[in-house]
J.: 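Once you've had a glance at the structure underneath, I'll fire off some questions.
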Amino acid sequence: MCGRYTLHSSLEEIATEFAAKAPKAKIEKRYNAAPAQKLPIIIRQQQNYIKLFSWGLVPSWAKDPAIGSKMINARSETIAEKPSFRSAFRKRRCLVPVNGFYEWHKTSSGKRPVYITPTNGNLFAFAGLWEVCEQQQQPIHSFTIATTEPNNILKDIHNRMPVILTSNEARNLWLQQDAPIEDCLKLLHPCKDEEMQYHYVSRKVNATYNDSPDLIQPVVYDEQSEFF
DNA sequence: CCAGACGTTGTT
DNA sequence: GTCTGG
DNA sequence: CCAGACGTTGTT
DNA sequence: GTCTGG
């Protein structure tokens, strides 16, 4: 699964990486981006744009926006059929730029947060979907992140991971509105082992009010440390 | 026909 | 909006 | 994902 | 336990 990530690259760096037009609004460096927050994503409408949408997809028919808190991830195995996702999967795919993401490794001495980053130091692009819900006073623009089975790097840590599109070909196809659905489905697989690395980090990341660079610093866990 | 759901992960 | 269940 | 709330009436 | 909020 994927429920937290970082994005500390500047808007300019993101715009360059994805050949996208940046919004006027500024963005802060994020070391603990969480669901329900407005975060930058890449969508294509004539050209690529960076937009600030809420994490947690609110379907167009939703009467209660709280449903978005249950829609932070979309299983790639069923993404084309589920009522909440299928229309977005057909017409509203997006990329979610991240510098790294967190997973929680369940051990006998509690859950330990792990931070996963690209081996090449560039940005990861998660495969996502976006939606707009007009049922409310104000339209709600939101997104979700596709998940898949873990690769060999992560399989001992967690049983799901986000779909990461590493090649420009894959990213372009995913953003292309009229791309054949079968081709899009083929992109929904774990990325290669050699494309990611990880280390353990402090449990400070658990609380969303912590959001600082020290959250991604490596931490060594052993049995001793569990008593403090 | 109308009413009600529409999700994921992980744990049992 | 669209599908399933009753 | 984790943290924190989970309720009503009436009064300030 | 389960839902909401971040």
Side-chain angles (χ1 to χ4, degrees), chain A residues 1-7 27-41 52-92 96 98-117 124 126-136 139-150 154-164 181 188 190 198 200-212 215-216 219 221:
Chain A
M1 192 182 192
C2 180
R4 293 302 170 83
Y5 65 82
T6 69
L7 183 61
I27 59 162
E28 300 296 325
K29 294 189 176 197
R30 298 301 311 276
Y31 295 90
N32 200 358
Q37 298 174 346
K38 285 208 165 189
L39 296 162
I41 64 168
L52 288 167
F53 283 10
S54 298
W55 184 5
L57 189 142
V58 180
S60 60
W61 38 261
K63 293 191 183 69
D64 180 3
I67 194 172
S69 66
K70 301 175 183 173
M71 310 279 185
I72 68 170
N73 292 135
R75 287 181 67 86
S76 55
E77 295 88 340
T78 53
I79 199 168
E81 287 86 37
K82 292 290 183 183
S84 296
F85 301 132
R86 59 192 167 199
S87 58
F89 177 64
R90 285 193 291 262
K91 290 291 168 194
R92 288 177 300 279
V96 184
V98 317
N99 290 101
F101 63 98
Y102 300 100
E103 296 286 4
W104 276 259
H105 183 196
K106 196 158 218 171
T107 71
S108 53
S109 43
K111 284 187 175 187
R112 297 167 173 179
V114 168
Y115 183 55
I116 303 102
T117 54
F124 273 145
F126 290 160
L129 308 177
W130 67 273
E131 186 59 89
V132 54
C133 178
E134 313 267 7
Q135 307 287 99
Q136 315 298 321
I140 297 172
H141 292 86
S142 59
F143 72 95
T144 190
I145 294 166
T147 62
T148 184
E149 60 192 8
L154 282 189
K155 71 178 180 194
D156 294 331
I157 300 294
H158 213 70
N159 63 345
R160 301 293 292 173
M161 65 176 261
V163 174
I164 299 170
I181 281 309
L188 300 177
Y198 74 82
Y200 287 92
V201 293
S202 161
R203 289 194 175 103
K204 276 193 282 187
V205 73
N206 288 9
T208 54
Y209 49 75
N210 293 320
D211 191 346
S212 54
L215 295 185
I216 64 176
V219 161
Y221 284 96

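Naming convention: chains lettered A, B, ... in sequence-line order (proteins, then strands); numbering from 1 in each chain.
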J.: Return the value, rounded to whole Å, for the distance between atom CH2 of A/Trp55 and atom C1' of D/dC1.
T.: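 The answer, rounded to whole Å, is 7 Å.
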
J.: Specify the separation, in whole Å, of atom CD of A/Glu131 and atom C1' of B/dC6.
T.: 13 Å

J.: Toward the 5' end of DNA chain B, which comes first, A/Trp104 or A/Phe85, by nearest nucleotide?
T.: A/Phe85

J.: Please report the interatomic distance CD1(A/Ile157) to NE2(A/His105), rounded to the nearest 0.5 Å.
T.: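 Reported value, rounded in 0.5 Å steps: 4.5 Å.
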
J.: Which atom names give the shortest non-hydrogen contact between A/Leu57 and A/Ser84, and what distance separates them?
T.: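 That closest heavy-atom pairing would be CD2-O, 3.5 Å.
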
J.: Select base, sugar-phosphate, or nothing to describe what A/Thr78 touches, counting heavy atoms under 4.0 Å on all strands.
T.: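 Answer is sugar-phosphate: A/Thr78 comes under 4.0 Å of backbone atoms only.
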
J.: If I pick the P atom on B/dC6 and the same atom on E/dT2, what distance separates them, to the nearest angstrom?
T.: 15 Å

J.: What is the distance from CZ of A/Phe101 to C1' of B/dT9, rounded to the nearest Å?
T.: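 Between C1' of B/dT9 and CZ of A/Phe101: 15 Å.
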
J.: Can you check the A/Leu129 CG to B/dG7 P distance for me, whole Å?
T.: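 After rounding, the gap between these two atoms is 13 Å.
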
J.: Rounded off to whole Å, could you give me the CG-to-P distance for the A/Leu39 and D/dC1 pair?
T.: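 It is 17 Å, rounded to the nearest whole Å.
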
J.: For A/Ala74, answer base if it contacts any base atom (sugar-phosphate contacts may also be present), sugar-phosphate if it contacts only those atoms, and nothing otherwise; contact means non-hydrogen atoms under 4.0 Å.
T.: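 Sugar-phosphate, no base atom in range.
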
J.: Rounded to the nearest angstrom, tell me the gap between atom CE in A/Met1 and atom C1' in D/dC2.
T.: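 Taking CE of A/Met1 and C1' of D/dC2, I get 11 Å after rounding.
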
J.: Ignoring backbone atoms, establish whether A/Arg160 has a side-chain N or O less than 4.0 Å from OP1 or OP2 of B/dT9.
T.: yes

J.: Just to be sure I understand the rule, does A/Thr144 reach a base, reach only the sugar-phosphate, or reach nothing, if contact means heavy atoms closer than 4.0 Å?
T.: nothing

J.: Does D/dC6 have a Watson-Crick or wobble partner in any strand here, with both distances under 3.5 angstrom, and which is it?
T.: E/dG1

J.: Could you walk me through whether A/Phe126 and A/Phe101 pass ring-ring contact (aromatic ring centres under 6.0 Å, His included), step by step?
T.: CA-CA 10 Å; A/Phe126 290 160; A/Phe101 63 98; 5.5 Å; yes

J.: Would you measure the distance from the P atom in D/dC1 across to the matching atom in B/dT12 and give it in whole Å?
T.: 15 Å

J.: Roughly how many Å apart are B/dG7 and E/dT4, using the P atom of each and rounding to a whole number?
T.: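 Nearest-Å result for E/dT4 against B/dG7 at atom P: 16 Å.
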
J.: Is any side-chain heavy atom of A/Asn32 closer than 4.5 Å to one of A/Tyr5?
T.: no

J.: Please tell me if A/Arg75 has a side-chain N or O lying less than 4.0 Å from either OP1 or OP2 of B/dG7.
T.: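 No.
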
J.: Excluding sequence neighbours, so at least two apart, what forms side chain to side chain donor-acceptor pair (under 3.5 Å) with A/Ser87?
T.: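 For A/Ser87, the residues satisfying side chain to side chain donor-acceptor pair (under 3.5 Å) (neighbours in sequence not counted) are A/Arg92.
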
J.: Classify every nucleotide of nucleotides 1-6 of chain E by which part a protein heavy atom approaches to under 4.0 Å, writing B for the base, S for the sugar-phosphate alone and - for neither, in 5'-to-3' order.
T.: ----BB

J.: Under the criterion side-chain hydrogen bond (donor to acceptor under 3.5 Å, both in side chains), I'd like the reasoning laid out for A/Tyr115 against A/Thr6: C-alpha separation, chi angles, the key distance, then a yes or no.
T.: CA-CA 9 Å; A/Tyr115 183 55; A/Thr6 69; 2.6 Å; yes

J.: What's the shortest heavy-atom distance between A/Val205 and A/Leu215, and which atoms?
T.: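 Taking every non-hydrogen atom into account, N-CD2, 3.9 Å.
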
J.: Just compare B/dT8, B/dC6, B/dT9 and give me whichever is closest to any side-chain atom of A/Pro83.
T.: B/dC6

J.: Whole angstroms only, please: what is the CD-P distance between A/Glu81 and B/dT8?
T.: 11 Å

J.: Give a yes/no answer on whether the side chain of A/Ser84 brings an N or O atom under 4.0 Å of OP1 or OP2 in B/dA5.
T.: no

J.: For the P atoms, the ones on D/dT8 and on B/dC2, what distance do you get once it is rounded to whole angstrom?
T.: 33 Å

J.: Charged N to carboxylate O under 4.0 angstrom, A/Arg160 versus A/Glu77?
T.: yes

J.: Round to a whole Å and report the spacing from CD1 of A/Ile145 to C1' of B/dT9.
T.: 14 Å

